[in-house]
Amino acid sequence: MPVNYFFRHEVAEKVREQAREEGIEEGVEKERASMVLRILDWRGITVPDSARDRVKACSDLDQLELWAQRAVRAASVVELFVDTGDGSA
């Protein structure tokens, strides 16, 4: 009977696949947060550390997308975080 090493075990394969998927998602989150901040920087909008930290800490891809859209039109970083009353704060 062949030795079934853990690293070749079905459970290990699933754990590695999940880790890869989570790593990819985390990479997308970081890139999207970086894009929000780059848009603001390109537009010459000052971004305080507290706002920069809030954007970087966000793991909600939909929220980051909304902030990126707002960053294109915002006159200040405050406009990124304004609740418009439509449930998208």
Side-chain angles (χ1 to χ4, degrees):
M1 177 177 222
V3 176
N4 193 6
Y5 293 102
F6 177 74
F7 62 87
R8 291 188 180 175
H9 192 274
E10 181 180 327
V11 173
E13 291 293 330
K14 286 181 182 179
V15 168
R16 279 195 293 277
E17 179 61 28
Q18 181 180 2
R20 278 191 290 275
E21 289 172 4
E22 288 173 2
I24 290 169
E25 186 172 322
E26 183 178 323
V28 171
E29 292 164 0
K30 286 182 180 182
E31 180 56 34
R32 193 157 298 167
S34 178
M35 179 57 71
V36 171
L37 297 172
R38 283 196 310 264
I39 291 169
L40 294 169
D41 287 341
W42 293 334
R43 298 195 59 234
I45 295 173
T46 302
V47 181
D49 289 340
S50 60
R52 189 172 300 277
D53 293 343
R54 181 174 176 184
V55 170
K56 287 181 177 181
C58 183
S59 61
D60 181 340
L61 292 174
D62 292 334
Q63 183 65 65
L64 290 165
E65 176 69 24
L66 177 64
W67 287 344
Q69 291 171 9
R70 288 179 179 176
V72 172
R73 296 181 302 275
S76 73
V77 74
V78 173
E79 292 181 27
L80 254 60
F81 309 120
V82 172
D83 183 2
T84 61
D86 62 2
S88 58

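Keep in mind that the numbers below use all heavy atoms, side chains included, and drop hydrogens, waters and symmetry copies.
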**Prompt:** For the atom pair CG (Asp41) and OG1 (Thr46), what is the distance rounded to the nearest 0.5 Å?
**Reply:**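 The OG1 atom of Thr46 is 9.0 Å from CG of Asp41, to the nearest 0.5 Å.
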Do you know which two heavy atoms are closest between [X] and [Y], and how far apart they sit?
X     : Y     : answer
Leu80 : Arg70 : O-NH1, 2.7 Å
Ala71 : Leu40 : CB-CD2, 3.9 Å
Ala51 : Val77 : CB-CG2, 3.8 Å

Pairs meeting criterion salt bridge (charged side-chain N to carboxylate O under 4.0 Å, His left out) with involvement of residues 57-67, two or more places apart =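 Qualifying pairs: Arg32-Glu65.
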* Asked: What about Val36 and Ile45, same hydrophobic cluster or not, with Ile/Leu/Val/Met/Phe/Trp/Tyr joined at side-chain heavy-atom distances under 4.5 Å?
  -> yes
I want to check something: taking the side chain as every heavy atom from C-beta on, are Val47 and Val55 in contact at a cut-off of under 4.5 Å?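 Result no, sub-4.5 Å side-chain heavy-atom pair not found.
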Do Lys56 and Leu37 have side chains that approach each other closer than 4.5 Å (heavy atoms only, starting at C-beta)?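 Side chain of Lys56 against side chain of Leu37, heavy atoms only: contact under 4.5 Å found.
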**OP:** Please confirm whether the backbone N or O of Glu79 pairs with a side-chain atom of Arg73, one donor and one acceptor, at under 3.5 Å?
**Re:**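 No: the side chain of Arg73 does not pair with the backbone of Glu79.
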